[in-house]
Protein chains: 2
Amino acid sequence: MNISEAGRRAGLPPKTIRFYEDIGLIAPARMDNGYRDFSEEDLHRLAFLRRARALGFTVEECRQLLGLYHDKTRSSADVKRLAREHLQRVDVQLAELEQMRATLAHLIDACSGDQSPNCPILADLSQTPKG
Amino acid sequence: MNISEAGRRAGLPPKTIRFYEDIGLIAPARMDNGYRDFSEEDLHRLAFLRRARALGFTVEECRQLLGLYHDKTRSSADVKRLAREHLQRVDVQLAELEQMRATLAHLIDACSGDQSPNCPILADLSQTPKG
DNA sequence: GATGGGCCTTCCAGTAGATGGAGGGTCAAC
DNA sequence: GTTGACCCTCCATCTACTGGAAGGCCCATC
């Protein structure tokens, strides 16, 4: 199977698949003409990667998860630990974004949005730290 | 005022300040020896940048915001539009993160986290799209 | 006046995770 | 035989910095 077909079936653009090969996440065979030749196993890995990335795991975490997936002697504790660390990061990001959102919404609400130059948003941004 | 003092007062590392000068967000004067010489106005711009960045505005948006801030003929509607567009982006990111979080939390909850290789997290990641 | 430490400068490289494009090979169809 | 749609590699670009090397400046101390 060539790269565009693999991409279509795994839900990843060919560019991304080549990138994943570059960084050693997959290693598809090659045809005589040099074209990549994707097996079902390659496809499986690609789909795994797409899902793990969609959950926000970093590429390095994906590498570890793939390693665990293929390690029949793994313990689920290792996987769970990785996932929990990631969840903590997600929670931090969520808290930051929610804080941003609250401040932004508050400022937007306070701004008349008319033709006057008077603007609480700019006023807030230009506030000096101690006054 | 030299760069480390400016950084201390604006809450930004010297490296970041140099970077902001590189991309044209600030243009501090220079002393005879080539050192940057920050005015109160420069400090004000730096503090503005720090706050706008902390609210998640991109550097290009910060550039526009600074432009509006110094434009006495601005209308607050322009500022509000920028802020609203940004808020929409934040909301999209929040929705994505919350979706991630929910899935992750669900998977983590389902995983025993013991020494068995059996792991619902890996099972989910390796699911093929149609079964 | 030599030396040391702590600043400052510029420039280059690297980060994450792709994505875009140039330049060129391959292949099937018309 | 020549389009057009693929494929290949390699390099550049994006965001917003951050780290480090190599070297200059300034002040204090011996």
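Below, read A as the first sequence line, B as the second, and so on, with proteins coming before strands; counting in each chain starts at 1. Below, each value reflects all heavy atoms present in this structure, side chains not excepted, and no hydrogens, waters or symmetry copies.
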Q | Gap separating the NZ atom of A:Lys80 from the CG atom of B:Asp109, nearest 0.5 angstrom | A |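 Between A:Lys80 NZ and B:Asp109 CG, I get 7.0 Å after rounding to 0.5 Å.
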
Q) Between the base of D:dG20 and the side chain of B:Lys15, is there a donor-acceptor distance below 3.5 Å? A) yes

Q.
Taking donor-acceptor contacts at under 3.5 Å, does the side chain of A:Tyr35 reach the base of C:dG25?
A. yes

What does [X] touch in the nucleic acid at a heavy-atom separation under 4.0 angstrom: a base, only the sugar-phosphate, or nothing?
X       : answer
A:Pro14 : nothing
B:Phe57 : nothing
B:Arg36 : sugar-phosphate
B:Ile23 : nothing

Interatomic distance where [atom1] belongs to [X] and [atom2] belongs to [N] [whole Å]:
X       : N      : atom1 : atom2 : result
A:Glu60 : C:dT15 : CD    : P     : 11 Å
A:Arg50 : C:dG17 : CZ    : P     : 17 Å
A:Leu12 : C:dA18 : CG    : P     : 8 Å
A:Met31 : D:dC7  : CE    : C1'   : 9 Å
B:Glu21 : C:dC8  : CD    : P     : 14 Å
A:Leu25 : C:dG17 : CG    : P     : 10 Å
A:Ile3  : C:dC27 : CD1   : P     : 17 Å
B:Ile17 : C:dT10 : CD1   : C1'   : 17 Å

Is the distance from OP1 or OP2 of [N] to the nearest side-chain N or O of [X] less than 4.0 Å?
X       : N      : answer
B:Thr16 : D:dA16 : no
B:Arg53 : D:dC17 : yes
A:Tyr20 : C:dA18 : yes
B:Arg30 : C:dT10 : yes
A:Asn2  : D:dC7  : yes
B:Asn33 : D:dC26 : yes
B:Thr58 : D:dT15 : no

Q. Do you see a donor-acceptor pair shorter than 3.5 Å between the side chains of A:Gln88 and A:Asp91?
A.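 Their side chains do not contain a donor-acceptor pair, so the 3.5 Å distance test is not met.
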
Q: Would you tell me whether A:Ser76 and B:Asp114 have side-chain atoms, one donor and one acceptor, within less than 3.5 Å of each other?
A: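 A donor-acceptor contact under 3.5 Å links the two side chains.
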
Q. Any side-chain heavy atom of A:Leu25 within less than 4.5 Å of one from A:Arg45?
A. no

Q: Apply the test side chain to side chain contact (heavy atoms under 4.5 Å, CB included) to residues B:Asp37 and B:Arg30: give CA-CA distance (whole Å), side-chain angles for both, the deciding distance (0.1 Å), then the verdict.
A: CA-CA 5 Å; B:Asp37 190 9; B:Arg30 295 290 179 137; over 6 Å; no

Q.
Side chain of A:Phe19 only, heavy atoms from C-beta on: which candidate in C:dA18, D:dC7, D:dA16 is closest?
A. C:dA18

(Q) So does A:Ile23 get a backbone contact from the side chain of A:Arg63, meaning a donor-acceptor N/O pair under 3.5 Å? (A) yes

